[in-house]
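Each remark here refers to the structure printed beneath this line.
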Amino acid sequence: MEYKELYETGKDRLEKAGVEEAPLDARLLLEYVCGTDRNTLLAHGDREISEEECRKYEECIARREKRVPLQHITGEQEFMGITFLVNENVLIPRQDTEILVEEVLKELHDGMSILDMCTGSGCILLSLLQYSNDCEGTGTDLSAKALEIAKENGRRLGKTPVFLESDLFEKVEGRYDVIVSNPPYIPTEVIPTLMPEVREYEPEGALDGKEDGLYFYREIVRQAGEYLNRGGRLFFEIGCGQAAQVSALLEEAGYKEIEVVKDFAGLDRVVSGIYLPCF
């Protein structure tokens with residue numbers, strides 16, 4: 001079978017399965033199986049595909065038809081220009097979260113210390129360490145399996161932050177210049193309405209923000225002052241419609257210069273504030 005013919009077969013199957021980006025996913029899976037790039041489909045569509053490649057592609061398409069996320073099939077996701085390992089134990093890094101990293105980088109100086117709460121794959125913390133100089137980092141997560149992925153991502157990048165299996169601040173010690181978090185923020189009742197790729201295959205613990213989606217913001221804001229240096233900053237990624245509530249939590253806790261930053265779609269995405277306690 002020729003390369004383009006196999007692609008068309010995969011695309012048609014994914015479209016019938018209701019996969020939203022069927023043409024893109026069919027191409028990316030073919031490139032994953034064959035070790036090719038996007039130019040192959042255009043310039044070498046008549047390339048003959050081996051039986052082994054056909055078999056592997058069939059397996060990948062069959063999994064994607066069942067709405068297994070593309071990234072769980074390939075085992076990777078690009079984030080901030082870095083390829084991260086991912087699996088069913090971590091939230092797949094999203095482009096929107098790059099806004100959070102970029103906002104932290106604007107305030108990050110050489111030698112600063114960073115605490116990443118709910119680190120998951122480690123993509124936020126490791127990106128910050130990759131694009132800064134001599135900073136130190138700690139990442140916490142309740143999931144030991146997630147931390148295995150974070151540690152492996154760190155090894156691949158040559159970064160050695162401390163990763164702690166901790167219920168939020170439970171095992172955290174010391175103070176930090178920056179605390180950053182993309183916590184679970186989806187209200188429990190909303191989770192059954194999510195697309196199958198998220199609802200059925202991503203870890204519920206990384207999604208469920210309890211009854212109103214704000215549980216982890218409350219807990220982190222309540223405790224963060226004990227772990228932030230004076231003048232340190234607390235950064236959150238937030239869900240749609242949560243900016244006012246999270247900003248209010250920061251204001252009530254005494255944070256100053258509270259800012260809300262929008263993502264590329266014009267939606268509120270990041271809330272931050274400076275820790276300036278009154279002594």
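We number each residue from 1, following the sequence as shown.
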Roughly how far apart are [X] [atom1] and [Y] [atom2], rounded to 0.5 Å?
X: Ile149; Y: Lys145; atom1: CD1; atom2: NZ; result: 11.0 Å
X: Glu102; Y: Leu128; atom1: CD; atom2: CG; result: 10.5 Å
X: Leu234; Y: Met117; atom1: CG; atom2: CE; result: 10.0 Å
X: Cys240; Y: Asp96; atom1: SG; atom2: CG; result: 10.5 Å
X: Thr193; Y: Ile186; atom1: OG1; atom2: CD1; result: 8.5 Å

- Residue among Glu20, Glu200, Glu202, Glu197 satisfying salt bridge (Lys or Arg N to Asp or Glu O under 4.0 Å) with Arg67: Glu197
Please list all pairs passing the ring-ring contact (aromatic ring centres under 6.0 Å, His included) test where one or both residues lie in [range], with sequence neighbours left out.
range: residues 37-73; answer: none
range: residues 200-220; answer: Tyr217-Phe236
range: residues 84-137; answer: none
range: residues 133-160; answer: none

I'd like to know if the side chain of [X] and the backbone of [Y] have a donor-acceptor N/O pair within less than 3.5 Å.
X: Asp263; Y: Gly266; answer: yes
X: Gln71; Y: Ile92; answer: no
X: Arg269; Y: Ile99; answer: no
X: Glu15; Y: Asp12; answer: no
X: Tyr275; Y: Gly225; answer: yes
X: Arg199; Y: Leu194; answer: yes
X: Thr119; Y: Gly139; answer: no
X: Asn153; Y: Leu85; answer: yes

Scan for salt bridge (charged side-chain N to carboxylate O under 4.0 Å, His left out) pairs involving [range], sequence neighbours excluded, and state none if there are none.
range: residues 71-83; answer: Glu76-Arg156
range: residues 248-259; answer: none
range: residues 41-51; answer: Arg47-Glu53

Can you sort out the partners of [X] under side chain to side chain contact (heavy atoms under 4.5 Å, CB included), two or more places apart, ordered by chain and number?
X: Ala244; value: none
X: Asp268; value: Ile238, Ala243, Val260, Lys262
X: Thr97; value: Phe79, Arg94, Leu100, Ile124, Asn182, Glu237

- Which pair of non-hydrogen atoms, one from Val90 and one from Pro203, has the smallest distance, and what is that distance? O-CD, 3.6 Å
- Note on the structure: Closest non-hydrogen atoms of Gly273 and Leu250, given as atom of the first, atom of the second and distance, are N-CD1, 4.2 Å
Hydrophobic cluster membership, with links at side-chain heavy-atom distances under 4.5 Å among I/L/V/M/F/W/Y: are [X] and [Y] in one?
X: Ile220; Y: Leu249; answer: yes
X: Val180; Y: Val261; answer: yes
X: Leu126; Y: Val86; answer: no
X: Met1; Y: Tyr7; answer: yes
X: Tyr185; Y: Ile179; answer: yes

Can you confirm whether [X] sits close enough to [Y] that some side-chain heavy atom of one is under 4.5 Å from a side-chain heavy atom of the other?
X: Leu30; Y: Leu6; answer: yes
X: Leu108; Y: Ile114; answer: yes
X: Ile82; Y: Ser127; answer: yes
X: Val271; Y: Phe235; answer: no
X: Asp212; Y: Arg218; answer: yes
X: Pro69; Y: Arg64; answer: no
X: Gln95; Y: Glu98; answer: yes
X: Val178; Y: Glu107; answer: no

- Taking atom types as modelled and ignoring hydrogens, do the side chains of Thr40 and Tyr3 form a donor-acceptor contact shorter than 3.5 angstrom? no
- Using only heavy-atom distances, determine whether the side chains of Ser113 and Asp177 contain a donor-acceptor pair under 3.5 Å. yes
Salt-bridge criterion met for [X] and [Y] (N-O under 4.0 Å):
X: Arg222; Y: Glu219; result: yes
X: Lys106; Y: Glu103; result: yes
X: Lys151; Y: Glu148; result: no
X: Lys4; Y: Glu8; result: no
X: Glu31; Y: Arg27; result: yes

- Let me see the working for Arg63 and Glu58 under salt bridge (charged side-chain N to carboxylate O under 4.0 Å, His left out), right down to the final yes or no. CA-CA 9 Å; Arg63 293 184 69 194; Glu58 154 66 26; over 6 Å; no
- Using the test side chain to side chain donor-acceptor pair (under 3.5 Å), find all partners of Glu21 that sit at least two apart in sequence or belong to another chain. none
Report all side-chain donor-acceptor pairs from residues 158-169 shorter than 3.5 Å, counting only partners two or more places apart or in another chain.
| unit_1 | atom_1 | unit_2 | atom_2 | d |
| --- | --- | --- | --- | --- |
| Ser166 | OG | Leu168 | O | 2.9 |
| Ser166 | OG | Glu170 | N | 3.3 |
| Ser166 | OG | Lys171 | N | 2.9 |

- Task: Could you please spell out the steps behind the salt bridge (charged side-chain N to carboxylate O under 4.0 Å, His left out) verdict for Arg55 and Glu52?
- Result: CA-CA 5 Å; Arg55 183 187 65 78; Glu52 179 65 10; 2.5 Å; yes
- Query: Would you find more than 12 non-hydrogen atoms of other residues, nucleotides or ligands less than 6.0 Å from Glu152 atom CD?
  - Reply: yes
